[in-house]
Amino acid sequence: MNESTPLNPTSIEDLNPKEYIIIKNARVNNLKNLSVAIPRNKLVVVTGLSGSGKSSLAFDTLFAEGQRMYVESLSSYARQFLGRMEKPDVEYIKGVSPAIAIQQKVTSKNPRSTVGTTTEIYDYLKLLFSRIGRTISPISGEEVKHHTVTDVVDYIHSFEEDEKVMISCPLQVHADRSVKKELEILLQKGFTRIIIEGEVYYVEDLLSENNIPSGEIEILIDRAVIQKEDEDNQFRIADSVQTAFFEGHGECFVVIPRKESKQFSDKFELDGMSFELPSVNFFSFNNPYGACKTCEGFGSVLGIDPDLVIPDKSLSIYEGAIAPWRGETTKKWVAPLIKNGIHFDFPIHRPYEELDEKHKELIWTGNSSFKGLNEFFQHLQSKTHKIQYRVMLSRFRGRTTCPDCKGTRLRKDASYVKVNGHSITDIVLMPIEKSLDFFQNINLTAAEEKTANRLLKEILNRLEYIDKVGLGYLTLNRLTSSLSGGEYQRIKLATSLGSALVGSMYILDEPSIGLHPRDTDRLISVLETLRDLGNTVIVVEHEEKIMKAADEIIDIGPDAGVNGGELVFQGGLEDLLSQGQTYTAKYLKGEEKINIKKGNRKWKDKIIINGARENNLKNLNVEIPLNTLTVITGVSGSGKSTLIKKVLYPALGKTLGTVIDETGKFDKLSGDYKSISQVEFVDQNPIGKSSRSNPVTYVKAYDAIRSLFAEQSLSKQRGYKPAFFSFNVDGGRCEACQGEGTQKIEMQFMADIFLTCESCKGKRFKNEILDVTYKDKNIADILDMTIDEAMEFFKGKNAIIHRLQPLQEVGLGYIGLGQSSNTLSGGEAQRVKLASFLGKSSGKNKDHVLFIFDEPTTGLHFHDIKKLLHSINALIEEGHSVIIIEHNTEVIKSADWVIDLGPEGGERGGSITFEGTPEALREVEDNYTAKYLRESFM
């Protein structure tokens with residue numbers, strides 16, 4: 001089935017829903033009565049330009065219907081809410097399997113959620129350590145053991161039949177009672193005999209004679225004869241041992257007359273220390289019992305951030321390196337140090353970064369001549385009843401690693417429990433590829449093997465899949481909220497594989513995001529495994545390698561937005577290359593090319609990072625040129641994001657006073673960075689926190705549109721100001737939905753549902769506001785327009801056109817003006833941010849902005865990447881600098897300078913494997929990026 005022989009909707013009636021998932025006349029968003037039959041149990045790639053309708057087909061139509069059908073199978077209580085749930089706008093869908101959608105967005109912002117908890121591996125680890133963990137004393141290194149009732153009974157039964165046995169325990173004399181009083185209480189409890197120095201006495205006789213021999217007193221709990229086959233006798237002995245442990249406060253004596261005597265203890269103690277018995281909650285940082293008491297299981301505490309206190313380490317103390325001591329009132333704190341520094345040999349004119357550790361420590365602790373920073377912040381803390389002191393403290397506070405648990409989140413004694421010589425904290429801090437190796441080669445006793453066999457299978461299964469999807473460099477302790485969209489999606493994919501579902505429909509949103517081409521091959525094998533288990537795998541994707549591995553390609557187009565939404569090709573790769581005339585086919589065949597490079601730009605200014613050693617970085621010294629396009633690349637986990645997001649961005653941002661994020665470990669920032677007036681990190685996070693945020697407000701075009709509507713004659717007659725056309729403030733907005741256009745129905749047992757507001761029918765405004773029109777369109781009609789339509793509609797209105805044009809230039813002409821930001825993909829959100837910067841730039845603006853892009857090709861078709869590179873080059877032509885973290889070979893080819901990290905991910909990464917032009921990189925041997933770059937240049 002290809003472009004020349006489009007799918008005939010009538011032929012769908014003849015297909016078998018057991019072999020195909022059949023969608024007839026889908027009209028969701030921009031889909032134009034699209035009908036398609038997706039073969040079951042195949043790997044199917046849905047591709048096309050950004051905004052052509054891929055996600056509308058895969059997620060808003062297919063997954064939405066699968067989810068709705070699942071919910072319909074629930075109880076009548078659940079179904080009472082479903083009458084108001086909207087069915088996708090489609091004639092019918094047949095053959096739908098249970099649907100699992102794995103999207104790019106990191107849906108968990110929970111500060112307690114980690115890779116280990118998300119994948120459920122941590123739950124199995126807790127069980128494993130509580131079942132077979134051995135507690136090792138930190139003092140002697142010996143195993144801590146205690147005796148159970150079973151241990152004592154087994155010991156007794158190790159002797160011959162009919163042997164006599166005595167079970168006793170020490171008498172615990174209370175501090176406030178005499179021995180005589182204790183014996184009286186003992187008699188009341190029903191104990192009649194005691195042992196003193198090996199002799200048995202009746203308690204009643206001793207009390208009546210008032211003559212108690214001196215010496216250690218033991219309570220004689222029981223005297224019995226060993227009869228191994230007699231069940232009543234076994235119960236009697238076990239009960240006596242239990243009583244002995246209770247009365248003896250954990251001590252029990254067993255005497256076999258004329259043969260042996262032994263002392264038992266059920267106390268979990270060694271080396272004068274008392275230990276906790278391992279349990280599941282003992283290893284849970286989400287439970288008060290197992291969590292570190294200092295940080296309450298978060299791994300970090302709110303403290304004073306040294307990087308905020310001393311943001312520019314190239315300054316000396318005399319030049320004002322200490323930020324809180326620069327003010328008019330606070331400079332009195334630094335004056336004694338400057339005045340008296342000579343007396344204790346303190347170099348006040350030496351840059352802070354060149355001070356030795358002794359002098360740096362002195363700044364915090366102070367001495368007899370001056371008060372240090374610690375005392376200064378204690379002083380501020382004592383004055384927090386005044387707002388100015390609270391504000392000042394907040395400026396220098398940041399998240400710092402918990403000093404007690406060192407970021408592991410667990411109580412300290414949890415690390416005393418070992419399995420095969422490793423604690424649970426050791427395992428969660430290892431890269432997953434190392435922990436996988438540990439569990440594959442674990443040595444257990446036969447008894448431990450029997451107990452742990454099932455748990456180990458589950459742990460190994462999940463670890464293997466995480467490693468297969470290219471995430472072996474992550475640790476199980478890594479926060480879920482710190483993962484990129486692509487990493488999170490692959491974590492969810494590995495979790496699904498670990499669950500081994502069969503007969504399901506998996507819909508994935510660009511799982512190749514964040515993957516180096518080397519790792520894409522491994523991802524493909526995982527997707528094929530998912531398919532071979534008996535699932536239908538539908539992947540929304542632009543990655544060439546995944547297209548080549550697909551059983552079927554569905555191309556949606558021909559263009560984006562209103563010009564998309566049609567099935568322009570369906571079939572195999574060979575048919576696409578031989579007969580297809582779509583954008584996808586043209587780029588795959590080489591008829592269209594992305595590379596827009598005209599030669600490397602010359603540069604003289606640069607930023608230098610010295611001694612970067614955060615995470616896996618190996619003490620790197622990196623030079624990044626300015627006024628150029630620099631691409632940071634390397635295999636997944638090689639340290640790209642750490643270098644740029646954890647070191648460069650916060651270090652540079654703190655010198656400008658615009659960033660408060662924790663800075664990774666490095667020695668020095670130097671070079672020409674002082675020419676930079678602003679640093680902007682453009683990532684894939686949503687452009688706004690709420691559903692009210694949308695592209696037209698983000699690029700500030702809505703202000704001009706509201707002013708235009710306020711100028712209309714009807715607005716002037718009724719006294720409508722620009723604010724009346726805002727859905728964010730009271731006045732003209734619909735009050736039923738507060739200008740949202742939708743109302744949220746909270747579903748306690750599942751995700752919340754958003755329904756169209758019944759009052760304004762989704763228009764967001766009161767009816768009288770909608771009476772005001774411009775060119776026969778009211779404000780709600782304007783918000784429903786696409787960027788492309790608005791550009792045509794507002795011709796001549798330069799204030800609006802100037803703001804909207806950048807959105808069109810970055811390839812977002814198809815998105816709606818009023819489209820909620822939470823419906824935008826990560827890649828779309830990133831390009832909206834880029835457009836807002838392009839809109840601010842002008843020839844008169846002499847600012848030098850450093851733009852950092854985190855994988856901007858996310859969600860982009862080849863054709864859209866070309867537009868994106870034009871926009872990025874426009875920024876550089878205006879005098880700005882651009883750094884891109886990227887794996888896409890087309891972007892690497894277009895760079896002026898490439899920095900490649902590696903050679904592998906995780907611990908085997910973190911080194912610079914190449915610095916130079918892309919042309920020089922492709923000549924390098926034994927380099928993964930060079931290998932794929934050579935293929936791209938062919």
CA sep, side-chain torsions, deciding dist, call: N477, T475, side chain to side chain donor-acceptor pair (under 3.5 Å): CA-CA 5 Å; N477 202 46; T475 64; 5.8 Å; no
F439/Y124 under ring pair (Phe, Tyr, Trp, His ring centres under 6.0 Å): CA gap, chis, key distance, verdict: CA-CA 13 Å; F439 282 110; Y124 291 110; over 10 Å; no
Side chain to side chain donor-acceptor pair (under 3.5 Å) between S820 and S693, intermediate numbers included: CA-CA 6 Å; S820 176; S693 173; over 6 Å; no
CA sep, side-chain torsions, deciding dist, call: L436, E433, side chain to side chain contact (heavy atoms under 4.5 Å, CB included): CA-CA 5 Å; L436 174 60; E433 58 194 1; 5.6 Å; no
Audit row: I459, L125, side chain to side chain contact (heavy atoms under 4.5 Å, CB included) steps and yes/no: CA-CA 8 Å; I459 291 167; L125 283 178; 3.9 Å; yes
Test side chain to side chain contact (heavy atoms under 4.5 Å, CB included) applied to I304 and R397, step by step: CA-CA 5 Å; I304 300 300; R397 274 205 177 117; 4.2 Å; yes
Criterion salt bridge (charged side-chain N to carboxylate O under 4.0 Å, His left out) on E448 and R134, from CA distance to verdict: CA-CA 11 Å; E448 288 173 340; R134 297 167 183 260; 3.0 Å; yes
Salt bridge (charged side-chain N to carboxylate O under 4.0 Å, His left out) between D854 and K645, worked out: CA-CA 9 Å; D854 186 13; K645 292 167 72 172; 3.3 Å; yes
Intermediate values then yes/no, side chain to side chain donor-acceptor pair (under 3.5 Å), T408 and T425: CA-CA 6 Å; T408 59; T425 54; 5.6 Å; no
C402 vs C292, side chain to side chain contact (heavy atoms under 4.5 Å, CB included): CA-CA, chis, key distance, verdict: CA-CA 9 Å; C402 173; C292 166; 3.8 Å; yes
Verdict with supporting geometry, E143 and T135, side chain to side chain donor-acceptor pair (under 3.5 Å): CA-CA 6 Å; E143 184 179 347; T135 303; over 6 Å; no
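Using a distance-only test at 3.5 Å, with no hydrogens or angles considered, no donor-acceptor pair links the side chain of K492 to the main chain of T119. Under the 3.5 Å distance criterion, the side-chain polar atoms of H887 are matched with a main-chain donor or acceptor of G634. A donor-acceptor pair under 3.5 Å links the side-chain atoms of S435 to the main chain of I432, judged by distance alone. R390 places a side-chain N or O within 3.5 Å of a backbone atom of T384 that can act as its donor or acceptor partner. Using a distance-only test at 3.5 Å, with no hydrogens or angles considered, no donor-acceptor pair links the side chain of K313 to the main chain of P351. In this structure, N420 contributes its side chain and N443 its backbone to a donor-acceptor pair below 3.5 Å. With hydrogens and angles disregarded, no donor-acceptor distance shorter than 3.5 Å links the side chain of E614 to the backbone of T642. For N281 (side chain) and S284 (main-chain N/O), no donor-acceptor pair under 3.5 Å exists by modelled atom type. Remark: side-chain polar atoms of R613 are not paired, donor with acceptor, to backbone N or O of N619 under 3.5 angstrom. R490 places a side-chain N or O within donor-acceptor distance of the main-chain N or O of V469, the cut-off being under 3.5 Å.
The shortest distance between side-chain heavy atoms of F438 and I427 falls below 4.5 Å. No side-chain heavy atom of E269 sits less than 4.5 Å from a side-chain heavy atom of K145. You'll find the side chain of S140 reaches within 4.5 Å of the side chain of D271, heavy atoms only. Looking at D519 and R522, their side chains come closer than 4.5 Å, going by heavy atoms from C-beta outward. Two residues are said to be in side-chain contact when any heavy atoms from C-beta on lie closer than 4.5 Å; I885 and T633 fail this criterion. In this structure, Y473 and P431 have side chains that are not in contact, with every pair of non-hydrogen atoms separated by 4.5 Å or more. Contact check for L527 versus L493: side-chain heavy atoms found under the 4.5 Å cut-off. Using a 4.5 Å heavy-atom threshold, the side chains of P856 and I884 count as touching.
Of the inter-residue distances, the one linking L127 atom CG with Y122 atom OH reads 11.5 Å to the nearest 0.5 angstrom. Summarising the geometry, atom CG belonging to L508 is positioned 10.5 Å from atom CD1 belonging to I513; distances are rounded to the nearest 0.5 Å. Atom CG of D437 sits about 11.0 Å away from atom CG of L463, to the nearest 0.5 Å. In this structure, the separation between OG on S911 and CG on L620 is 6.5 Å, given to the nearest 0.5 Å. In this structure, CG in L128 is found 8.0 Å from CD1 in I424, a value given to the nearest 0.5 Å. We find the CG-CG distance between L429 and L476 to be 9.5 Å, quoted to the nearest 0.5 Å.
Within a 6.0 Å radius of NZ in K293, more than 12 heavy atoms belonging to other residues, nucleotides or ligands are found. Surrounding NZ of K646 are at most 12 heavy atoms belonging to other residues, nucleotides or ligands under 6.0 Å away. Heavy atoms of other residues, nucleotides or ligands lying less than 6.0 angstrom from CD1 of I139 number more than 12. No more than 12 heavy atoms of other residues, nucleotides or ligands shown are found within 6.0 angstrom of CZ on R454. Within a 6.0 Å sphere centred on NZ of K434, other residues, nucleotides and ligands contribute 12 heavy atoms or fewer. The environment of NZ in K360 is crowded: more than 12 heavy-atom neighbours from other residues, nucleotides or ligands sit within 6.0 Å.
Nearest heavy-atom pair, V635 versus K640, reported as atom, atom and distance to 0.1 Å: O-NZ, 3.2 Å. The minimum heavy-atom distance linking S130 with S279 is given by the pair CB-C, 3.5 Å. Nearest heavy-atom pair across N621 and G611 is OD1-N, 3.0 Å. Closest approach of A323 to F396, counting heavy atoms only: CB-CE2, 3.9 Å. Nearest heavy-atom pair across I607 and Y673 is CG1-CB, 4.1 Å. Between Y352 and A321 the shortest heavy-atom distance is CB-CB, 4.5 Å.
By the 30° and 60° cut-offs, the orientation of the rings of W333 relative to H379 is tilted. Between Y416 and F275, the two ring planes are perpendicular [angle over 60°; tilted spans 30° to 60°].
There is no side-chain donor-acceptor pair under 3.5 Å between T480 and T114. Side-chain contact, T857 with E886: a donor N or O sits under 3.5 Å from an acceptor N or O. Remark: the D426 side chain and the S423 side chain contain an N/O donor-acceptor pair separated by less than 3.5 Å.
The side-chain tip of R411 does not point at the ring of F285 from less than 6.0 angstrom away and within 45° of straight on.
One finds a salt bridge joining E904 and R518 here, because a Lys/Arg side-chain nitrogen approaches an Asp/Glu carboxylate oxygen to under 4.0 Å.
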